[in-house]
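Notes for the one structure printed next.
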Amino acid sequence: MKELTKTGLDFLGDVPWGTHVCLFHHTTEELLEVLVPFFKAGLESNECCLWVVDESLGDAPAREAIAKAVPDWERYLASGQLQLLLRTDWYFTDGVLDASAVVQRWLHKHEDALGRGYAGLRAVGCPCQASGIPSEECIAYEEQIDRSIGNLRAIAMCPYVRGQWPPVDLLAVFRNHRIGIARKGGSWQAIANTGRLQAEESLRESEDRFRLATDATSDGVWDWDIPSGQTYYSPAYFRMLGYESGELEYTYHTWADLVHPDDRVRAIAVNQECIDNRREAFEVEFRMRAKDGQWRWILGRGKAVTRDAGGKALRMVGTHLDITARKRAEQALRESETRYSSLFENMLNGFAYCRMLYKDGGPDDFIYLRVNGAFGKLTGLQDVVGKRVTEVIPGIQQAAPELFEIYGRVARTGIPERCEIYFTPLEIWLDISVYSPQQGYFVAVFDNITERKRAEEKLRAANAQLAEALAQARELAIRAEAANRAKSEFLANMSHEIRTPMTVILGFSDLLASPNLPYQEQREFLAGIQRNGRALMELIGDILDLSRIEADRLTLDRVDCPLRQIIDDLLSVVQVRADKKGLALEVDYTFPLPETIHTDPVRLHQVLVNLVGNAVKFTERGSVRVTVRCTRETDHPARIQFAISDTGIGIPADKIGELFEPFTQVDGSATRCYGGTGLGLAISRRLAKALGGDVEVTSQLGEGSTFTLTIDVGSLEGVRMLQSPRVALTAEEQPSSTEHEVPPHGRVLLAEDVPDICVMLRQILQRMNLVLEIAEDGRLACEMAEKSQAEGKPFDLILMDIQMPRMNGYEATRWLRQHGWKGPIVALTAHAMAGDREKCLAAGCDDYIPKPMTAERLRNTLAQYLGRAP
Ligand code: ADP
């Protein structure tokens with residue numbers, strides 16, 4: 001409901017601000033009758049009162065009339081609350097009525113009045129009175145006033161002289177006012193412009209509704225009365241810019257001043273186009289300064305709702321929408337688009353955006369929609385956009401089915417995947433990340449990782465090799481460690497095996513040196529020395545054998561020999577030992593057996609002695625049984641098998657495999673119960689193999705073992721087969737010794753630097769009736785030999801030690817041969833390893849006797865040469 005103000009006229013009462021009244025009078029008296037109380041009420045209500053006085057009335061009568069009613073009127077005039085203006089000055093510019101300019105003037109006065117603190121503006125004036133102005137201009141002016149005044153804190157009264165215009169024009173005047181006043185039947189009456197009021201009421205209602213609606217929306221709504229510049233801004237409009245409702249003036253300039261200077265010309269121009277009827281409605285974006293000084297982006301929409309007869313817009317309404325957020329988002333989008341498209345183009349990864357094509361529910365083909373530069377560089381494929389992959393890479397479905405599956409799955413499910421695959425058609429490795437921006441489409445971002453993969457493969461291969469090498473090294477280390485341990489044990493055991501007999505030998509030798517030793521004791525001591533000396537020799541023999549075998553220098557001497565002889569020789573060695581331990585030693589023959597076999601009897605004997613010796617050694621109770629049988633397979637040479645079974649300690653299963661390795665013993669520790677060097681089985685197996693067979697073993701720990709020796713004995717053709725033990729045991733006696741019976745004689749030169757050996761040899765050779773002369777080194781030997789030859793009495797034989805000072809045995813022998821020495825030279829040396837014999841023979845020796853040697857061996861050899869001596 002609008003605020004009311006007093007009119008001072010009984011018949012009119014209080015009227016709301018914005019009321020536009022027309023007064024129809026006949027005389028000046030009638031006019032004053034109304035105007036004087038009207039102004040009086042205004043002045044008393046602290047309104048600014050403006051009276052545009054008609055020339056026909058004049059300034060003075062107007063003053064008079066006011067003075068009568070308002071005693072202190074001059075004070076009002078002086079303060080400007082009451083202003084009397086002349087009609088011609090007010091309305092006309094160069095004699096022409098410019099309605100809009102006059103409306104502006106009124107608005108200015110209204111603003112000024114409010115600015116100066118008056119409650120409102122009360123105006124009286126009319127351009128038409130007796131002015132000759134055409135009535136339609138006046139009516140148009142009134143129309144403008146009527147439209148502008150509604151929103152102002154103003155009331156206006158427009159006096160018209162009755163009879164001056166035809167009634168139709170006066171009616172038109174009346175139509176542009178809310179109330180008409182006229183004298184009727186001697187009294188003044190107010191006539192409400194009902195139709196207009198109703199229209200206004202419904203307009204107000206709809207305006208109220210409109211405002212309610214606009215207040216509720218976040219859009220700022222404006223309603224611009226163009227002639228007056230008055231502009232309604234909705235509360236949301238103010239809120240949008242951070243202001244309270246009414247904090248800014250409701251004028252056009254409020255908007256225009258807040259628009260960004262850069263946008264102002266454009267925004268105003270668009271408005272102007274609409275005003276000028278060059279467009280019906282407009283839409284324009286511009287920035288406005290908010291209360292906090294920030295610029296807000298506004299989308300302004302407007303439309304002219306009323307136009308004058310010439311089409312000029314009189315009223316425009318529209319909305320202002322804050323689109324700052326949208327603008328920022330657009331800006332961000334633009335920036336990110338720029339960023340991403342530059343990223344997309346410049347990234348080193350290949351990028352392909354594709355649409356999947358399905359057939360029978362499965363992925364069948366795809367079309368390249370977009371690819372970047374790196375795509376071409378990495379794949380070598382050009383101009384693919386718009387093409388199907390089957391067109392670009394024919395046969396790709398068959399060549400890379402897994403790729404199709406992945407692309408199809410991602411395009412269908414939308415779940416991103418990553419894979420590394422070898423892309424056969426292009427022969428490259430790809431690392432592909434696939435995602436789907438929308439159903440049926442996929443993006444593949446990939447990198448060519450062929451180099452990396454190759455490097456990885458190389459690395460993997462190198463790693464595998466390294467792992468293998470490591471495993472081998474570990475294996476070798478383990479073996480080396482085991483060998484090392486075995487060798488350490490061997491050395492410890494060997495030392496023990498050598499020192500024990502040596503202790504006996506040295507001890508008995510000491511005792512022998514005692515004076516007046518009874519003959520019986522002398523014999524005992526000597527027997528002890530001989531026994532232990534022989535044990536030592538056996539040990540040394542084993543070592544030499546192994547060294548020979550390992551150096552592949554083993555030579556076999558195969559002859560036909562009686563089988564019974566071999567067994568007898570075996571028993572002659574081991575029977576004593578078995579007897580000593582109270583063990584039964586039995587031989588079982590499985591007939592038929594050949595009477596003779598073709599083999600190396602010495603080596604066979606060596607193996608058998610070792611196996612049966614071990615059986616006796618590792619058995620405390622029970623028996624040792626040797627079973628002999630002959631096996632004959634067609635197309636194979638005959639074989640003889642010796643199975644040696646004992647009831648001894650047995651061998652743990654996990655040790656059996658190692659036993660045939662040199663230096664290996666089941667118990668190699670220092671605390672072992674059984675002596676030995678761990679060489680016997682190693683030598684035995686190697687010899688057995690050399691004899692065309694092998695040694696195998698089965699054993700039960702704690703119960704006993706069976707070692708089976710098999711040897712090849714060649715063809716049995718023509719060999720008598722023995723069928724029973726009796727025949728076997730009565731086989732013909734074989735000569736048991738091959739000893740040389742011819743006694744040696746002659747003069748021998750011994751080249752030897754060790755005095756003890758010289759003494760010992762002199763004793764032995766004297767007992768053989770040989771004459772001995774001694775040279776202490778090789779050079780002396782050469783001189784003496786040369787001298788004997790020069791004297792025509794050359795030595796019959798030279799015994800040559802090898803390791804000597806000044807000139808060694810090899811050098812001396814070579815010198816002698818070079819200087820024409822024809823006589824026999826026999827090397828006598830402690831160099832008894834594999835190959836030493838050959839070296840001596842190569843230097844020119846006739847024979848080789850390894851130290852230590854028995855007197856018998858020495859005699860036999862010497863007899864061989866000296867027997868030939870003249
Ligand atoms: P040595 O007997 O000198 O130690 P060998 O090579 O002849 O060396 O034997 C190696 C090892 O084999 C022996 O130390 C022993 O532990 C085991 N062995 C050999 N024969 C037998 C056997 N008949 N019964 C139990 N253990 C045996």
Side-chain angles (χ1 to χ4, degrees), residues 482-483 485-501 532 534-550 570 573-575 577-578 580-581 583-587 603-627 642-690 694-709:
R485 197 171 46 242
K487 276 196 175 142
S488 301
E489 284 176 354
F490 164 75
L491 281 179
N493 294 339
M494 190 67 90
S495 161
H496 173 264
E497 293 301 304
I498 293 171
R499 281 168 187 278
T500 308
N532 284 278
R534 267 195 295 274
L536 267 178
M537 280 308 298
E538 255 174 49
L539 176 64
I540 290 164
D542 276 355
I543 294 169
L544 291 178
D545 274 348
L546 190 68
S547 126
R548 262 183 223 115
I549 295 166
E550 302 269 274
L570 169 67
V573 178
V574 292
Q575 187 70 60
R577 302 185 204 170
K580 264 194 193 151
K581 292 184 84 173
L583 301 172
L585 177 58
E586 294 156 9
V587 181
R603 292 308 185 182
L604 176 58
H605 176 76
Q606 189 178 347
V607 178
L608 284 171
V609 168
N610 185 259
L611 295 179
V612 181
N614 274 348
V616 172
K617 182 157 101 181
F618 296 105
T619 305
E620 298 310 322
R621 267 187 307 278
S623 61
V624 172
R625 174 181 298 270
V626 183
T627 312
F642 304 87
I644 298 109
S645 305
D646 63 54
T647 55
I649 59 172
I651 302 161
D654 63 322
K655 296 279 183 182
I656 284 187
E658 303 168 11
L659 285 185
F660 295 96
E661 292 300 315
F663 315 120
T664 309
Q665 296 178 306
V666 171
D667 181 5
S669 71
T671 55
R672 66 202 174 135
C673 306
Y674 302 96
T677 55
L679 289 175
L681 286 181
I683 294 169
S684 296
R685 169 164 276 178
R686 285 160 176 74
L687 288 177
K689 287 196 168 163
D694 203 355
V695 181
E696 275 155 9
V697 59
T698 55
S699 184
Q700 199 68 42
L701 193 62
E703 289 181 15
S705 317
T706 299
F707 285 79
T708 309
L709 163 71

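Whatever order the structure lists ligands and atoms in, that order sets their numbers, starting from 1.
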| query | Which part of K617 is near ligand 1, with near meaning a heavy atom under 4.0 Å away: side chain, backbone, both or neither? | reply | side chain
| request: First locate atom CD1 of I651, then atom CG of L701, and finally report the distance between them rounded to the nearest 0.5 Å. | output: 9.0 Å
| message | Test your reading of the model: is there a side-chain donor-acceptor pair from R686 to the backbone of A682, 3.5 Å cut-off? | response | yes
| task | State the atoms of ligand 1, each with its element, that fall below the 4.0 Å cut-off from a heavy-atom position in S705. | result | 24 (N)
| query | Looking only at distance, does G680 have an N or O less than 3.5 Å from an N or O of ligand 1? | reply | yes
| request: Give a yes or no answer on whether the side chain of T619 reaches the backbone of G704 with a donor-acceptor pair at less than 3.5 Å. | output: no
| note | Short version for L679: what comes under 4.0 Å of ligand 1, heavy atoms counted, is backbone
| field | Under 3.5 Å donor-acceptor, S645 side chain and S705 backbone | value | no
| Mind checking whether I683 and N610 have side chains closer than 4.5 Å, heavy atoms only? | no
| query | Quick one: which ligand 1 atoms are inside 4.0 Å of a heavy atom on N610? | reply | 7 (O)
| request: Name the option, out of F660, F618, F707, that contains the heavy atom nearest to atom 24 (N) of ligand 1. | output: F618
| field | Qualifying residue, where the test is side chain to side chain contact (heavy atoms under 4.5 Å, CB included) with F642 and the options are L611, L709, V587 | value | L709
| Any idea which of L681, V697, I656 brings a heavy atom closest to atom 6 (O) of ligand 1? | L681
| For I644, which of T708, N614, V624 qualifies under side chain to side chain contact (heavy atoms under 4.5 Å, CB included)? | V624
| query | For ligand 1, is any non-hydrogen atom under 4.0 Å from L611's backbone (N, CA, C, O), its side chain (CB onward), both, or neither? | reply | neither
| request: Decide whether the shortest distance between a heavy atom of A615 and an atom of ligand 1 is less than 4.0 Å. | output: yes
